[in-house]
Amino acid sequence: MFLSIFDIFKIGIGPSSSHTMGPMVAAGKFLDQLLEHKIKAVSLSASLHGSLAFTGKGHHTDYATIMGLIGFKPQTFNSNVAQQALDEVSQTGKIQPEGHSEYLFNPNTAIRFDFEKSLDGHANGMIFYAYDSIGTILFEETYYSVGGGFVQTASELASGISHSKLKNTTPYPFKNASEMLEMCVSTGKSIAELKSENEQANINKSDLSQGINKIWDVMNNCIEEGLKKEGILPGGLFVKRRAKGIHESLRKEQSRNIAPPHIINDWMSCYAMAVNEQNAAGAQIVTAPTNGAAGVIPATLRYYLDHVPSASISKIPEFLLTAAAIGGLIKNNASISGAEVGCQGEVGSAAAMAAAGLCAILGGTPQQVENAAEIALEHHLGMTCDPIKGLVQAPCIERNGLGAIKAVSAASLALRGDGIHLVSLDACIETMRQTGIDMNSKYKETSLGGLAVNLPEC
Ligand code: SF4
């Protein structure tokens, strides 16, 4: 199945692609289905299951679902306008999404966290209901938020039908890294060139270029905004924003020329932390490939632009296209969802994508790029997801910094080799998939194990 760069890198809102963006998208799809099936409903509700129930409060899943039912979309979400709309719904007890009649809707009771019943298809399940005037269900649909803001109905998930409206007919339909490398060898093209030509089956070159520039603008803006803000992040953990302070101290040291070489790691960390602090605060974000892992790729690219001699912004598209190609392979052959395979699928995937992108723009061959992605992913295998209080803050914020550091190391190591290596990227992706299946559900975004239960109450 073809995954576009704009599927992998989606502009949306924090704090979670699967728990915030996905439910908002699902609510919008449910509204579309009501119109499509001409359902004359009087009221609406939804239930949240599995990981969406266990960590939904911390991820604002109920809020995002309500906003989706009101008619908001992640790409254009404006928190000020949304708050006004929510206040109005709270007063009137009614919603009227565009194109629909009014529905009765009590935001305090219409969204139910169901901690008892997990749904069979995926850890992130939700069911939407439409009722008549006496409360009989007229229509219901089950959706799964499968990571990175992707949403499928139960039947789409079961049948493996593509949730994308994009054409699957591309000039280079590689399904795994081995096929991708064979196509690079047979055509003499880079991974980014193959990916770009595949994209152009659905979009013209100019729109592709503009879209990629927009992705980087939002990513970079997220770094810039995060580096300006201070204070305590929302959610009740009282996590202090640190990116701004670290950045300021780094800049002071820079002007005094006293810095030891290892502080380059702090630069990468502060870029990544700036993004993930913004994400935790519910700001605009680009999934890369998820919200929880959204800092790794921007931090790696910003490291390149700010710290690598002779870096050029002209390389940004090559970086992002290469990273998107690797993200597509991981999503199609394993998972990018913390609820499905743990954090190896989120920060691990992001690090593999970033390593590949950096290796490519530093002049790596396709074989070295594949090696870079493999090294970065291999050393995240088994990493669990156990966010404290279900908030995408600890361990997530610092973890993105460490993900970027591993990505840069992986790219650098791969560039020192000739691309020939023992463990292939395909084998590593399959290992991640199997490790995810074997992983106890306590470590798959339920906050029932790990750090989430070992922090003393204060
Ligand atoms: S621990 Fe990793 S997978 Fe889990 S919420 Fe945080 S970033 Fe996402």
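Atoms within each ligand, like the ligands themselves, are counted from 1 in listed order.
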Practice prompt. Is it possible for you to check whether K444 lies under 6.0 Å from the centre of the six-membered ring of F54, through NZ or CZ, and within 45° of that ring's axis?
Written response: no
Below 30° counts as parallel, above 60° as perpendicular, anything between as tilted: where do the rings of [X] and [Y] land?
X: Y63; Y: F77; value: perpendicular
X: Y271; Y: H307; value: tilted
X: Y143; Y: F30; value: perpendicular

Fill in: Test item: Q393 side-chain N/O and V239 main-chain N/O as donor-acceptor pair under 3.5 Å
no
Worksheet item: Backbone N or O of P15 within a donor-acceptor pair of the N279 side chain at under 3.5 Å?
Response: yes
Fill in: Enumerated ligand 1 atoms positioned under 4.0 Å from heavy atoms of R399
1 (S)
Worksheet item: Listing residue and atom name, which protein N/O/S atoms are closer to atom 4 (Fe) of ligand 1 than 2.8 Å?
Response: C385 SG
